[in-house]
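Presented below is the structure to which this report refers.
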Amino acid sequence: MTQLKRLEGLADYESTWQAMKTFTENRQPDTENQIWQVEHPPVYTLGQAGKPEHVLNPGKIPVVRCNRGGQVTYHGPGQVVIYPLINLHRASMFVKEYVTALEDAIIHTLNDYGISQACRKDGAPGVYVPMENGELAKIAALGVKVSRGCTYHGLAINVDMDLSPFDGINPCGYAELKTIDMKTVGAKASWQEVADKVSGYLMEVFA
């Protein structure tokens with residue numbers, strides 16, 4: 001069984017991270033998995049091995065060093081953030097398979113809204129959309145932490161948001177990586193619709 005939990009309003013990043021960490025540390029072998037739907041106020045997060053030089057011009061947006069994998073990313077209003085708190089042992093799944101499952105759920109979700117060319121990029125976790133010039137623009141990011149076989153942190157899908165804060169960083173450590181959202185590529189969907197859609201795919205995988 002997997003429980004779905006919606007954090008109301010704009011949830012503070014650091015307190016949400018600490019809540020995920022506490023939940024994971026206190027899990028028992030039979031603790032039910034949870035999937036959290038979250039929307040954060042503007043924040044840059046830097047992964048455990050993230051390089052500060054990838055934060056170019058944060059301005060007034062806070063930068064939080066956290067314990068997920070990956071480099072720097074941006075969270076803000078209009079972005080669906082999903083935190084799957086999953087026991088991988090019970091799912092009979094390795095970390096690589098888990099990452100693939102997250103990417104699959106994102107790609108299926110984007111396909112449902114007419115974004116049929118959403119794809120992976122070799123060596124760069126996340127989901128991308130090809131632009132007219134052939135360049136790949138990032139539409140969804142991943143950042144995962146696994147502790148004692150249990151996951152936290154997760155994925156972020158850009159739905160309808162101010163993309164300008166991505167200009168203040170090298171997104172995921174890649175200089176001049178273009179970032180895009182669903183609205184820009186013509187997909188009309190509300191935040192909650194997208195959150196429920198991707199959560200539904202994940203619930204099927206981790207039922």
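Each residue takes its place number in the sequence, starting with 1.
Looking only at side-chain heavy atoms (C-beta outward), Tyr83 and Leu7 stay at 4.5 Å or farther from each other. Between Thr2 and Leu202, the closest side-chain pair of non-hydrogen atoms is not below 4.5 Å. Within the 4.5 Å cutoff, side-chain heavy atoms of Arg6 are placed close to those of Glu8. The closest side-chain heavy-atom distance from Leu56 to Asn170 is below 4.5 Å. Residues Asp104 and Val205 fail the side-chain proximity criterion, which asks for heavy atoms closer than 4.5 Å. Within the 4.5 Å cutoff, the side chain of Gln37 has no heavy atoms near those of the Val198 side chain.
Within 6.0 Å of the NZ atom in Lys51, the count of heavy atoms belonging to other residues, nucleotides or ligands does not exceed 12. Within a 6.0 Å sphere centred on CD of Glu176, heavy atoms belonging to other residues, nucleotides or ligands number 12 at most. No more than 12 heavy atoms of other residues, nucleotides or ligands lie within 6.0 Å of CD in Gln117, so this atom counts as exposed by the packing criterion.
In the hydrophobic clustering of ILVMFWY residues, with side-chain heavy atoms under 4.5 Å counting as a link, Val38 and Leu10 come out apart. Met20 and Leu142 are not part of a single hydrophobic cluster, where members link through side-chain heavy atoms under 4.5 Å apart. Note: the hydrophobic cluster containing Met93 also contains Ile82 (ILVMFWY, side chain heavy atoms under 4.5 Å, direct or indirect links). Residues Met161 and Val185 fall into different hydrophobic clusters, defined by Ile, Leu, Val, Met, Phe, Trp and Tyr side chains chained together at heavy-atom separations under 4.5 Å. Met203 and Val81 are members of different hydrophobic clusters when ILVMFWY side chains are connected at heavy-atom separations under 4.5 Å.
Taking NE2 of His89 as the start and CZ of Phe94 as the end, the distance is 10.0 Å to the nearest 0.5 Å. In this structure, His153 NE2 and Lys145 NZ are separated by 8.0 Å, a value rounded to the nearest 0.5 Å. Between the CZ atom in Arg27 and the CG atom in Asn33 there is a gap of 4.5 Å [rounded to 0.5 Å]. The distance from the CZ atom of Arg148 to the CG atom of Asn87 is 9.5 Å, given to the nearest 0.5 Å. Between the CD1 atom in Ile35 and the OG atom in Ser199 there is a gap of 5.5 Å [rounded to 0.5 Å]. Summarising the geometry, atom CD1 belonging to Ile106 is positioned 15.0 Å from atom NZ belonging to Lys197; distances are rounded to the nearest 0.5 Å.
With hydrogens and angles left out, the side-chain atoms of Tyr152 and Asn67 include a donor and acceptor closer than 3.5 Å. Side-chain N/O atoms of Asp181 and Gln79 include no donor and acceptor closer than 3.5 Å.
His40 places a side-chain N or O within 3.5 Å of a backbone atom of Ala11 that can act as its donor or acceptor partner. Side-chain N or O atoms of Thr31 include one that pairs as donor or acceptor with a backbone N or O of Gln28 at under 3.5 Å. With hydrogens and angles disregarded, a donor-acceptor distance shorter than 3.5 Å links the side chain of Arg65 to the backbone of Gly50. Judged by distance alone, the side chain of Arg68 and the main-chain N or O of Gln71 form a donor-acceptor pair under 3.5 Å.
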Steps toward side chain to side chain contact (heavy atoms under 4.5 Å, CB included) verdict (Tyr74, Thr179)
CA-CA 10 Å; Tyr74 168 72; Thr179 306; over 6 Å; no
As a quick check of understanding, evaluate side chain to side chain contact (heavy atoms under 4.5 Å, CB included) for Leu177 and Tyr128, giving each step before the final call.
CA-CA 11 Å; Leu177 174 65; Tyr128 300 78; 4.2 Å; yes
Stepwise side chain to side chain contact (heavy atoms under 4.5 Å, CB included) test for Lys5 and Leu85
CA-CA 11 Å; Lys5 179 179 177 180; Leu85 310 177; over 6 Å; no
Let me see the working for Trp17 and Val64 under side chain to side chain contact (heavy atoms under 4.5 Å, CB included), right down to the final yes or no.
CA-CA 10 Å; Trp17 163 31; Val64 177; 4.2 Å; yes
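The two atoms that bring Tyr98 and Thr151 nearest to each other are OH-OG1, 3.4 Å, heavy atoms only. Of all non-hydrogen atoms in Ile115 and Val129, the two that sit nearest each other are CG2-CG2, 3.9 Å. Smallest separation of non-hydrogen atoms from Val55 and Ile169: CA-CG2, 4.2 Å. For the pair Ser116 and Asn111, the tightest heavy-atom approach, listed with the atom from each and the gap, is CA-OD1, 3.5 Å. Of all heavy-atom pairs spanning Tyr44 and Pro165, the tightest one is OH-O, 2.6 Å. In this structure, Cys66 and Thr45 approach most closely via the heavy-atom pair SG-CB, 4.2 Å.
By the 4.0 Å N-to-carboxylate-O rule, Arg120 lies close enough to Glu103 to be salt-bridged with it.
Note that Lys138 lies outside the cation-pi zone of Phe166, set by a 6.0 Å cut-off to the ring centre and a 45° limit from the axis.
Between His75 and Tyr13, the two ring planes are parallel [angle under 30°; tilted spans 30° to 60°].
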